[in-house]
Amino acid sequence: MTDKNLLRIGFFGVFLGCLISFSACGSDSSSSADDGEFFSSNSQEDGSADSKDGKTEGSSGSTTDSSGSNSTSKQDTKTETVSSKEALMPESKKVNGTCATTTGKIGKGELATWKFYRNDGSVIEQIMAPFKWSFTGGNTEALQGNGLDEVNVRYENAGTATATLNVDGNEIKCDPLQVQGIPITIKSCTAKPTTVNAGSNVTWTVEASSESDITEYSWTSAFGTVSGNGTTGTMTASAEMHKKSITATVTVTNKDKTSESFICDGAMVLDPESVDLVLTVATNNVFNEEYSQDNRINLPDDMFIPEQEPITVQIPLDAPTCNISCVPRVGADDDALRKSGGITWNGEPVSNLGYFSPAGCAPGKKYSVEAVVKALCIVVKQ
């Protein structure tokens with residue numbers, strides 16, 4: 001064992017004493033909630049002074065922000081990490097975890113900080129463990145050192161950069177890093193229609209621009225598969241999506257290898273077979289009696305068509321007619337409900353709320369209905 005490692009072991013005796021006396025010593029890169037400061041052996045061994053957190057302080061200068069534009073307002077006080085010259089400790093395979101950048105997206109010419117987050121092993125085992133980093137796309141291809149849990153790498157070219165870490169003999173693939181070049185501006189991503197029946201399609205259209213030619217549009221969704229590789233993406237709504245606002249994410253890439261992701265507007269899905277409300281049958285003077293304005297405020301919510309939330313309603317199977325009348329829950333909302341589009345049946349605005357019969361009406365018929373305010377609709381018995 002080298003004199004250097006003997007000194008390291010001697011140091012840990014002091015370190016243990018610090019722990020017992022509850023003194024803070026160094027940096028622990030554990031992913032636990034108590035992320036205190038403990039020692040990290042990010043040593044440069046080149047005659048320069050080591051900083052407490054393992055990063056050597058350098059001169060500040062002009063940097064490039066994540067959009068690719070030059071910025072002199074940001075001060076880059078970090079420098080690129082270099083490997084330690086000391087011999088690596090033996091691998092014990094006790095220390096394991098994850099790794100990723102702490103900086104998110106960066107611009108060309110900037111430094112990215114890669115960090116290890118411990119899941120397995122103790123703090124001391126992490127500090128003693130050998131770290132071997134490998135990189136693609138950066139100025140540095142590899143770094144190593146005992147306890148080297150955080151490193152800085154500079155990237156001159158745009159694109160997706162990757163890193164892997166072998167810590168204590170365990171191989172870890174780090175989350176990728178996006179290095180941005182010429183910026184992309186995404187103005188909007190709209191859905192059409194905004195309310196869609198199960199079995200029908202919703203289409204999103206993105207509007208994006210860049211000084212570098214846009215080369216790719218990639219579409220994804222947590223709700224299902226989106227087809228399309230251009231400015232539009234399409235997905236078929238399913239019954240399982242009933243009353244859910246579904247959305248998609250589009251990732252736009254340009255020739256300079258900049259990528260920007262954007263969450264599109266949502267579309268409400270209705271399953272015509274999933275009935276939310278069966279309409280009540282009552283006499284034509286009911287709004288002057290049981291369901292008068294004074295009484296409506298005390299009726300249960302599940303009798304009403306909700307405010308600005310599409311639902312599926314059904315004409316009762318025993319309905320003697322298909323004549324329907326609608327009123328707002330609150331009298332002050334009467335003008336809003338009566339305006340054009342105040343209430344719609346299968347997307348068609350109702351023009352005469354006092355007495356109307358929707359297209360194709362029959363006992364058991366189902367409709368997609370939406371109102372701008374809470375509304376009570378009754379099948380009127382003659």
Side-chain angles (χ1 to χ4, degrees), residues 191-202 221-224 235-248 265-283 286-287 290-293 295-331 333-334 336-381:
K192 187 177 182 179
T194 55
T195 300
V196 59
N197 284 341
S200 298
N201 291 336
V202 57
S221 174
F223 296 93
M235 182 165 64
T236 302
S238 66
E240 291 74 19
M241 301 174 185
H242 178 60
K243 293 189 72 175
K244 292 181 180 178
S245 179
I246 61 172
T247 188
D265 295 343
M268 178 64 71
V269 177
L270 289 180
D271 176 21
E273 300 304 316
S274 299
V275 177
D276 300 305
L277 173 64
V278 178
L279 299 182
T280 300
V281 178
T283 59
V286 70
F287 292 124
E290 183 180 0
Y291 299 144
S292 66
Q293 180 174 319
N295 291 336
R296 288 198 297 272
I297 196 66
N298 297 315
L299 294 175
D301 283 345
D302 59 10
M303 289 188 65
F304 292 85
I305 296 167
E307 177 181 356
Q308 296 182 352
E309 180 185 328
I311 64 170
T312 300
V313 304
Q314 184 179 30
I315 306 297
L317 295 174
D318 60 350
T321 71
C322 270
N323 298 314
I324 299 173
S325 185
C326 298
V327 291
R329 183 170 196 170
V330 179
D333 291 334
D334 188 70
L337 191 65
R338 290 182 180 277
K339 72 178 182 180
S340 178
I343 186 168
T344 60
W345 288 65
N346 282 359
E348 295 296 326
V350 175
S351 58
N352 182 12
L353 295 181
Y355 203 69
F356 68 95
S357 179
C361 188
K365 178 75 174 181
K366 300 166 187 174
Y367 294 91
S368 298
V369 179
E370 185 172 4
V372 296
V373 295
K374 278 191 176 181
L376 176 67
C377 292
I378 298 291
V379 176
V380 179
K381 186 189 300 182

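- Lys374 places a side-chain heavy atom less than 4.5 Å from the side chain of Asp301.
- At a threshold of 4.5 Å between non-hydrogen side-chain atoms, the residues Lys244 and Val269 do not count as touching.
- Taking each heavy atom of Pro316 and Val281 in turn, the nearest pair found is CG-CG2, 3.7 Å.
- The NZ atom of Lys366 lies 8.0 Å from the CG atom of Asp271; values are rounded to the nearest 0.5 Å.
- Put simply, the side chain of Glu290 does not reach to within 4.5 Å of the side chain of Asn295, judged on heavy atoms.
- Atom CE in Met268 sits 9.5 Å away from atom NE2 in His242 (nearest 0.5 Å).
- Expressed to the nearest 0.5 Å, how far NZ of Lys192 lies from CG of Asn201 amounts to 13.5 Å.
- With Tyr367 contributing its side chain and Cys361 its backbone, the two residues share a donor-acceptor pair below 3.5 Å.
- Contact check for Val379 versus Cys322: no side-chain heavy atoms found under the 4.5 Å cut-off.
- Annotation: the span from Leu270 atom CG to Met241 atom CE amounts to 13.0 Å, rounded to 0.5 Å.
- Checking side-chain atoms of Arg329 against main-chain N and O of Ala375 turns up no donor-acceptor pair under 3.5 Å.
- Between atom OG of residue Ser325 and atom CG of residue Asn352 there is a gap of 8.0 Å, rounded to the nearest 0.5 Å.
- Under the 4.5 Å side-chain criterion, counting only non-hydrogen atoms from C-beta, Val330 is in contact with Ile297.
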Stepwise side-chain contact (heavy atoms from CB on, under 4.5 Å) test for Cys377 and Ile343: CA-CA 10 Å; Cys377 292; Ile343 186 168; 3.9 Å; yes

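- Within the 4.5 Å cutoff, side-chain heavy atoms of Phe287 are placed close to those of Arg296.
- No option in Thr312, Thr195, Asn197 other than Asn197 meets the side-chain hydrogen bond (donor to acceptor under 3.5 Å, both in side chains) test with Ser368.
- Side-chain contact between Ile324 and Ile315 is present, with at least one heavy-atom pair separated by less than 4.5 Å.
- For the residue pair Phe223 and Ser245, the shortest heavy atom distance occurs at CZ-O, 3.6 Å.
- What you find for Ala319 and Pro363 is that their closest heavy atoms are O-CG, 3.7 Å.
- Counting heavy atoms from C-beta outward, Leu376 and Met303 have side chains that approach closer than 4.5 Å.
- Scanning both residues, Ala239 and Ala198, for their nearest heavy atoms gives N-CB, 3.6 Å.
- Atom-to-atom distance recorded for Leu337:CG and Cys326:SG is 7.0 Å, nearest 0.5 angstrom.
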